[in-house]
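This report refers to the structure that appears directly beneath it.
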2 protein chains.
Amino acid sequence: MNAKLLRGSLDTIIIKLLNDHGEMYGYEITQKVKDITGEEVKITEGALYPSLHKLEGKGILSVETRSIGNRFRKYYSITKEGKSELATMLEDMKIYMNSMELILNTKLT
Amino acid sequence: MNAKLLRGSLDTIIIKLLNDHGEMYGYEITQKVKDITGEEVKITEGALYPSLHKLEGKGILSVETRSIGNRFRKYYSITKEGKSELATMLEDMKIYMNSMELILNTKLT
DNA sequence: TTGCACTACCTAAGAATCTTATGTATGTTT
DNA sequence: AAACATACATAAGATTCTTAGGTAGTGCAA
């Protein structure tokens, strides 16, 4: 996926997935995004984990660490505050998409 | 406009406008984008001018300075190389948009 | 049984691309 | 005359990626 374009929308992707699918752990998010987009979007871990930590720090996500046999996973969920953030983010994304359509589909004026 | 989301698509916007409208100068580009998007997208000059210089440096744009009365303007045009770059950029944008639609419109799985 | 791929977490250095602030200068309107 | 618009530009700082590395458990094939 074009890294330049992804820039800025990772938070929206994370929050939307957690909103729709309930709690998820980081690695699961990377796989889900790959699945949904048919390999077009691949979230790198170097981008994902710092984002998750940031969103948790802001109170947009909450986290719960669970033991799975001998290893552990950190399950993230969207908070109430996160839900209202998501609404704003989706609105912004809609405006952005519409604007890009306008610019990229307009012919000579 | 949401600055985060714009991040990465400014070059595409510039090149697409120059492709469609022929030569334009920087300030004109900012106004055109405002017009097309109904004020939703406002390109800041701090972002625009460095981008124009970068694209010119890469040979994607060519520039011609003209005197307009007592002042000057720098008119930018897309080069042949720029045209092929644009094709790639539009393709990438299409993939990005499709992917975002998939992620943001998918419900519970 | 060893080594490779996958799962699962993490961080740090560096690159890229914005915002905000500032500067210069001319043109136009009130 | 002052304010706003046109028109160029740069610099410091913030943000958000990539790339590259690290740790460690799991499962399978040579």
Side-chain angles (χ1 to χ4, degrees), chain A residues 1-15 23-35 39 41-58 60-61 63-76 89 92-93 96 99-100, chain B residues 1-15 23-35 39-58 60-61 63-76 85 89 92-93 96 99-100:
Chain A
M1 153 96 212
N2 189 307
K4 270 190 200 164
L5 293 178
L6 187 63
R7 221 165 250 269
S9 30
L10 179 56
D11 289 358
T12 307
I13 292 173
I14 292 171
I15 296 170
E23 59 177 20
M24 297 176 83
Y25 54 97
Y27 187 78
E28 190 183 8
I29 292 173
T30 66
Q31 301 308 306
K32 181 63 87 179
V33 170
K34 259 204 302 189
D35 284 357
E39 306 265 315
V41 179
K42 288 170 191 160
I43 306 298
T44 62
E45 298 184 322
L48 177 70
Y49 291 113
S51 270
L52 287 173
H53 301 159
K54 181 194 68 185
L55 293 172
E56 192 209 335
K58 283 185 180 177
I60 289 170
L61 303 182
V63 67
E64 197 194 314
T65 303
R66 297 221 197 102
S67 285
I68 310 292
N70 231 335
R71 54 210 301 186
F72 74 99
R73 285 186 190 147
K74 292 177 73 173
Y75 283 88
Y76 289 88
M89 285 172 157
D92 287 346
M93 181 60 74
Y96 169 76
S99 296
M100 289 308 294
Chain B
M1 155 94 209
N2 190 309
K4 268 189 203 167
L5 294 178
L6 188 62
R7 220 166 249 270
S9 30
L10 180 56
D11 289 357
T12 308
I13 293 173
I14 292 171
I15 295 170
E23 58 177 19
M24 298 176 83
Y25 53 97
Y27 187 78
E28 190 183 8
I29 292 173
T30 66
Q31 302 308 305
K32 180 62 85 179
V33 170
K34 260 205 300 189
D35 284 358
E39 306 265 315
E40 289 294 355
V41 178
K42 289 170 190 158
I43 306 298
T44 61
E45 298 185 320
L48 177 70
Y49 290 114
S51 269
L52 287 173
H53 302 160
K54 180 194 67 184
L55 293 172
E56 192 210 336
K58 284 186 179 176
I60 289 170
L61 303 182
V63 67
E64 197 194 316
T65 303
R66 300 223 195 100
S67 285
I68 309 292
N70 230 335
R71 54 207 305 184
F72 74 102
R73 285 186 192 148
K74 291 176 73 171
Y75 284 87
Y76 289 89
E85 259 296 300
M89 285 171 155
D92 287 346
M93 181 60 74
Y96 169 76
S99 295
M100 289 308 292

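At the heavy-atom level, G69(B) lies nowhere under 4.0 Å from the strands shown.
Here dC17(D) presents its P atom at 5 Å from CG of L10(A), a figure rounded to the nearest Å. Atoms CE (M24(A)) and P (dT7(C)) sit 14 Å apart, rounded to a whole Å. Here dT15(D) presents its P atom at 9 Å from NZ of K54(A), a figure rounded to the nearest Å. Atom-to-atom, CG of N70(B) to P of dT24(C) comes out at 19 Å; the value is rounded to the nearest Å. Taking atom CD1 of residue I43(A) and atom C1' of nucleotide dA8(C), one finds them 16 Å apart after rounding to whole Å. For the pair L5(A) CG and dT16(D) P, the interatomic distance rounds to 16 Å; values are reported in whole Å. One interatomic measurement links the two molecules: CD1 of I29(A) to C1' of dT7(C), which rounds to 15 Å at whole-angstrom precision. The CG atom of L6(B) sits 6 Å away from the P atom of dC18(C) (whole-angstrom rounding).
Considering only side-chain N and O atoms, K4(B) lies nowhere under 4.0 angstrom from the phosphate OP1 or OP2 of dC18(C).
Shown here are the salt bridge (charged side-chain N to carboxylate O under 4.0 Å, His left out) partners of E56(A), two or more places apart in sequence or in another chain: there are none.
Exactly one residue among Y49(A), F72(A), Y75(A) makes a ring pair (Phe, Tyr, Trp, His ring centres under 6.0 Å) with Y25(A). That residue is Y75(A).
To the nearest 0.5 Å, atom CD1 of residue I14(A) and atom CG of residue L52(A) are 4.5 Å apart.
Between K54(B) and D11(B) there is a salt bridge, since a side-chain N of the basic residue sits under 4.0 Å from a carboxylate O of the acidic one.
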Exercise. Sugar-phosphate atoms are those with a prime plus P, OP1 and OP2; base atoms are the rest. Using that split, label each nucleotide of nucleotides 4-14 of chain D B, S or - for protein heavy atoms under 4.0 Å, 5' to 3'.
Key: -SBSBBB----

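When every heavy atom of E45(A) is checked against every heavy atom of P50(A), the shortest pair comes out as O-CD, 3.8 Å.
With 3.5 Å as the limit, one finds a donor-acceptor pair spanning the side chains of Y96(B) and S9(A).
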